[in-house]
Amino acid sequence: MTRPITLTDDVTSATWLLLNGVEPGKRGAVSVTVTFNGPADAGVAMYSQGDATGPLAQRLRLSIFESTPSLMPFPVFTGTLADFTGRTCYDQGVGRWTGHGDGRDHTVTYEVIWSLPKDADVPDDEPKLGLVWEARTAEATAA
């Protein structure tokens with residue numbers, strides 16, 4: 001399943017991803033396609049909507065890959081859920097790229113892959129990950 005996100009300049013857009021099927025020794029993935037279409041060039045970064053705490057946050061491993069139609073996937077984050085959810089603002093964001101204000105859509109796909117070690121406890125419920133994408137023009141960044 002791929003979720004679509006659309007951005008223009010100086011705005012944020014967010015989504016919650018349910019990490020379905022988290023269980024010891026298993027992994028899963030979900031994709032999010034982000035499209036920028038603004039009148040001016042803008043820097044785009046991805047970060048978390050908030051912190052995750054507890055034993056699952058320390059054990060659940062995340063890898064986030066970014067790709068475009070002309071680039072193969074490459075990693076923009078690897079670590080635990082707790083490591084990623086500590087990134088809660090644009091300046092701490094990952095997967096930075098520039099959306100060009102040339103009237104054409106600029107699209108980047110993120111694949112979020114998660115895994116839980118075989119010796120981890122079974123989670124009580126399905127964890128979720130809140131992702132935010134923020135587009136900032138040069139004027140907004142300088143302010």
Could you check Lys26 against Leu116 for side-chain contact (heavy atoms from CB on, under 4.5 Å), going step by step and ending with a plain yes or no? CA-CA 6 Å; Lys26 303 284 183 177; Leu116 192 59; over 6 Å; no
Begin from the C-alpha positions of Thr107 and Val34 and carry the test side-chain contact (heavy atoms from CB on, under 4.5 Å) through to its verdict. CA-CA 6 Å; Thr107 300; Val34 178; over 6 Å; no
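Look at Asp121 and Arg59 and you find no salt bridge, because none of the NZ, NE, NH1 or NH2 atoms lies under 4.0 Å from a carboxylate O.
For Tyr47 and Trp133, the ring centers are positioned 6.0 Å apart or more.
Taking every heavy atom of both residues into account, Val44 and Gly99 meet most closely at CG2-N, 4.4 Å. Considering all non-hydrogen atoms of both residues, Pro24 and Ala120 come closest at CG-O, 3.0 Å.
Side-chain contact between Glu66 and Phe74 is present, with heavy atoms from C-beta onward closer than 4.5 Å. By the 4.5 Å heavy-atom criterion applied to side chains, Gln49 and Leu131 are not counted as neighbours. Here the side chains of Val108 and His106 are in contact, with some heavy-atom distance below 4.5 Å. Counting heavy atoms from C-beta on, the side chains of Trp16 and Leu129 never come closer than 4.5 Å. Counting heavy atoms from C-beta on, the side chains of Ile113 and Ile64 never come closer than 4.5 Å. Side-chain contact between Phe77 and Asp83 is present, with heavy atoms from C-beta onward closer than 4.5 Å.
Cation-pi contact between Arg96 and Tyr90: present, with separation from the ring centre below 6.0 Å and deviation from the ring axis of at most 45°.
No side-chain donor from either of Thr109 and Ser31 sits under 3.5 Å from a side-chain acceptor of the other.
For Asp105 (side chain) and Thr35 (main-chain N/O), no donor-acceptor pair under 3.5 Å exists by modelled atom type.
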